[in-house]
Trainee: 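Before I ask anything, here is the structure I am working with.
Order of the sequence lines fixes the chain letters, A, B, ..., with proteins taken first and strands second; residue numbering starts at 1 for each chain.
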Protein chains: 2
Amino acid sequence: MHDLPDPPGGARMRDVARAAGVSAMTVSRALREPSRVSPEVRARVEAAVREVGYVPNRLAGSLSSRRSDVVGLVVPSLENSLFAATVKGISDVLRREGFQLMIADSLYSPEAEEAAIRAFLEQRVAGLILHDTLHTEATVRMIRRAGVPVVENGTVPAEPLDMVVSYSNREAAKAMTRHLARLGYRRVALVTLPSAANARSRDRRDGFLEALAELGRPQDPRLMLEMPSGLVSGAEALARLMEGAEPPDAIFFAGDVLAAGAVLECQRRGWAVPGKVAIAAFDNVDLLAQLNPPVTTLRLPRHEIGTRSARMLLDRLAGRQSGPAVLDLGFEIIQRAST
Amino acid sequence: MHDLPDPPGGARMRDVARAAGVSAMTVSRALREPSRVSPEVRARVEAAVREVGYVPNRLAGSLSSRRSDVVGLVVPSLENSLFAATVKGISDVLRREGFQLMIADSLYSPEAEEAAIRAFLEQRVAGLILHDTLHTEATVRMIRRAGVPVVENGTVPAEPLDMVVSYSNREAAKAMTRHLARLGYRRVALVTLPSAANARSRDRRDGFLEALAELGRPQDPRLMLEMPSGLVSGAEALARLMEGAEPPDAIFFAGDVLAAGAVLECQRRGWAVPGKVAIAAFDNVDLLAQLNPPVTTLRLPRHEIGTRSARMLLDRLAGRQSGPAVLDLGFEIIQRAST
DNA sequence: TTGTAGGCGTTATCAG
DNA sequence: CTGATAACGCCTACAA
């Protein structure tokens, strides 16, 4: 909390009013509802605004009007480029509608998310977009009490807080597993990110297991691995899985850039993909299409999740939409040479 | 701008005061300067806060105190993971100090930057961090008039607005060019991002040319190319440069993931790297170390730029630092197998 | 179409 | 250590 150097340089509405020879109220109107002010006065006000270099104070405006044009966003990580696509989608829509974006990262911790959301509510944001769907009880109470609209993004939660825009991690993982089976792979392994604090990861694992069950295949713990994020991690996962007695003939890397790391490791080891082992990924990052071989993966609507979330939130704020809503944006399998 | 549902659910300070049997002023103190309130009262206030579910209204607080704990950040692009590292650094420091972050992207357009900055100033942010160093005149006027502290990040500008935290794009490009010459490469090509709206790109080109001049080598327009960002673009740049009559023996990709795209294209063409052509990159993204061969590049202090920028800004806000300051964080060459 | 009065929820200031 | 009072800059509501 630090000093705002308003007084020396900052002109207030009344300064504009004086310069334009009207009342402050008229300046306010001229700025927000130009049509409700005579053209002549409007011109004088606009001139005065330029003359004194007036920058409206939205803190005062929001306090008085009990409205806000700031949306709060919490993502698990600011460094993950997958979230970046969603953030971009949100930002694009908000900008067009004249809203501002406050961002915080939760680091996959519900407690950190709670702190971020509290800070946002203190700033009286108009609405929240949350990528994680797991919240502390205190968070839920705070949000309920505040009454702000919320959009959740990460996956379709069992008990949505309010609105949801996502794809189904479970269905996506299931579809890819089926796809690999259809291609003839018999021993399909799954690598996920640590599921402890990651509902998305659990959903993917569940989808994988559901597919196996439907296919009448047994669960084999030797074919399931949790690894942290990263290229190196993908390489290591590959090594571990292939060292086993009955190695997989296909590996589904259901997270991040793990698959890319694995393909690069195959290059180093001189292993043919998919000859030695097939590799599938979970997200359509540019890299996967450019790798040798290009990697089969899922196209997820990352950017659209952002745009639709923002739209849904703004619709609610504008009273254009009533109740909770769940939007499942689906996904698509991209078959490439790696499987 | 939309309705804030404060009244139904939102308790105000006076509600807390009533519940605790004290005045609102005492609640305010108990919350912000607990030591200036008797332990007994403090406890009553804390209990009352929990009881009524009080969430302070910082709009009112900031308006009254003329302080803000929000920092505005403008990056060229929200999707570029290089900026993400800097954003993360900023966010880490701000969180620790209890500040909030508003983010907007400029899309490399000074006009869009101006709009974003205006919006931030309307929100009365305590300070600004700008990644671009090119601003419209109106932007400069606005910032000067507002008197908010500013940190610029992109490159060291000729006329800093205020504080600067960066590395020198020119020096970094120069150093890598020299490095390639030292390794024995005779015809070094340069690929940059479009320089029209990108000062960083121009600086890199200038550094490249300076190095050539120092080495007594001629400028060869056939060895300089501007390409848009992206892996595919890197592959295409490679193809174009190698198709010429006197192809380069080394290519310095001074932007983004261009170099990675080129290495992957070499794999496809069966070109040895560096046998057929050496490849160097500009930023230490994880991928470069994992590619085959691993790619020589520059380690830039992306994350540290963020942390130091935030610290410098907060120091200024706390009165701990006086005038403008320019912090050059340097860089480092990482020699790998691709050169 | 324009203006006046009062209040949004908090904090600075000064008094007790 | 605590409280009363007056802003902070703008907007809602109503009046002219």
Trainee: So does R96(A) pair up with D92(A), basic N to acidic O under 4.0 Å?
Mentor: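 No, R96(A) and D92(A) are not salt-bridged.
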Trainee: Quick one: L59(A) CG to dT10(C) P, roughly how many Å, whole number?
Mentor: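 L59(A) atom CG is separated from dT10(C) atom P by 14 Å.
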Trainee: Tell me the interatomic distance from R58(B), atom CZ, to dT11(C), atom C1', rounded to whole angstroms.
Mentor: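 Checked: the CZ to C1' distance equals 13 Å.
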Trainee: Whole angstroms only, please: what is the CE-C1' distance between M13(B) and dC8(C)?
Mentor: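 Atom CE in M13(B) sits about 14 Å away from atom C1' in dC8(C).
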Trainee: Determine, stepwise, if the pair E46(B) / R42(B) fulfils salt bridge (charged side-chain N to carboxylate O under 4.0 Å, His left out).
Mentor: CA-CA 6 Å; E46(B) 282 164 3; R42(B) 195 187 315 156; 5.3 Å; no
Trainee: Would you call E114(A) and R118(A) a salt bridge, taking side-chain N to carboxylate O under 4.0 Å as the test?
Mentor: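 Answer for the salt bridge query: yes.
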Trainee: Tell me the interatomic distance from M25(B), atom CE, to dG16(C), atom P, rounded to whole angstroms.
Mentor: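 About 17 Å, once rounded to whole Å.
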Trainee: Among the candidates dG9(C), dC11(D), dC8(D), find the nucleotide nearest to the side-chain atoms of R14(A).
Mentor: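 Looking only at side-chain atoms, R14(A) lies closest to dC8(D).
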Trainee: By nearest nucleotide on DNA chain D, pick out whichever of G21(B) and A24(A) is the more 5' one.
Mentor: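 Result: G21(B).
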Trainee: Quick one: R67(B) CZ to dA7(D) C1', roughly how many Å, whole number?
Mentor: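 Those two atoms, CZ and C1', are 15 Å apart.
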Trainee: Does this structure show an ion pair linking D315(A) with R311(A), if we count only N-O contacts that are shorter than 4.0 Å?
Mentor: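 Result for this pair is no, no salt bridge flagged.
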Trainee: Take R36(B) and L63(B), find for each the nucleotide of DNA chain C with the closest heavy atom, and name the residue whose nucleotide sits nearer the 5' end.
Mentor: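 Its nearest nucleotide lies further toward 5', so the answer is L63(B).
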Trainee: To the nearest angstrom, how far is D69(B) atom CG from dT11(C) atom C1'?
Mentor: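 Spelled out: CG on D69(B) to C1' on dT11(C) is 15 Å.
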Trainee: Any side-chain N or O of S38(B) below 4.0 angstrom from OP1/OP2 of dT2(D)?
Mentor: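 Checking dT2(D) against S38(B), a side-chain N or O does come within under 4.0 Å of OP1 or OP2.
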Trainee: Compare side-chain N and O positions of T26(B) against OP1 and OP2 of dG3(D) and report whether any pair is under 4.0 Å apart.
Mentor: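 Checking T26(B) against dG3(D): at least one side-chain N or O falls below 4.0 Å of OP1 or OP2.
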Trainee: Does R66(A) place a side-chain N or O at less than 4.0 Å from the phosphate oxygens OP1/OP2 of dG9(C)?
Mentor: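 Checking dG9(C) against R66(A), a side-chain N or O does come within under 4.0 Å of OP1 or OP2.
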Trainee: Which heavy atom of F99(B) sits nearest a heavy atom of V70(B), and at what distance?
Mentor: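 That closest heavy-atom pairing would be CD2-N, 4.3 Å.
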Trainee: Could you check which of dG3(D), dT2(D), dT2(C) has an atom nearest any side-chain atom of S23(B)?
Mentor: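 Shortest atom-to-atom distance from the side chain points to dG3(D).
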Trainee: For R29(A), report the nucleic acid contact type (base, sugar-phosphate, nothing); a contact means any heavy atom under 4.0 Å.
Mentor: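 Touches a base.
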Trainee: As a test of reading the structure: which of dG9(C), dT2(C), dC8(D) is closest to the side chain of V37(A), going by heavy atoms?
Mentor: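 When the side chain of V37(A) is considered, dT2(C) is the closest of dG9(C), dT2(C), dC8(D).
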Trainee: To the nearest angstrom, how far is Q123(A) atom CD from dT10(C) atom P?
Mentor: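 Taking CD of Q123(A) and P of dT10(C), I get 13 Å after rounding.
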Trainee: On DNA chain D, compare the nucleotides closest to V41(B) and V55(A); which residue's is nearer the 5' end?
Mentor: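 Whichever sits nearer the 5' end wins; that is V41(B).
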Trainee: Between P on dG7(C) and CG on N57(B), what's the gap in Å once rounded to a whole number?
Mentor: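 The distance from CG of N57(B) to P of dG7(C) comes to 18 Å, rounded to the nearest Å.
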Trainee: Does a side-chain N or O of S64(B) approach OP1 or OP2 of dC8(D) to a distance below 4.0 Å, or not?
Mentor: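 Answer no for this pair, as no side-chain N or O of S64(B) is under 4.0 Å from OP1 or OP2.
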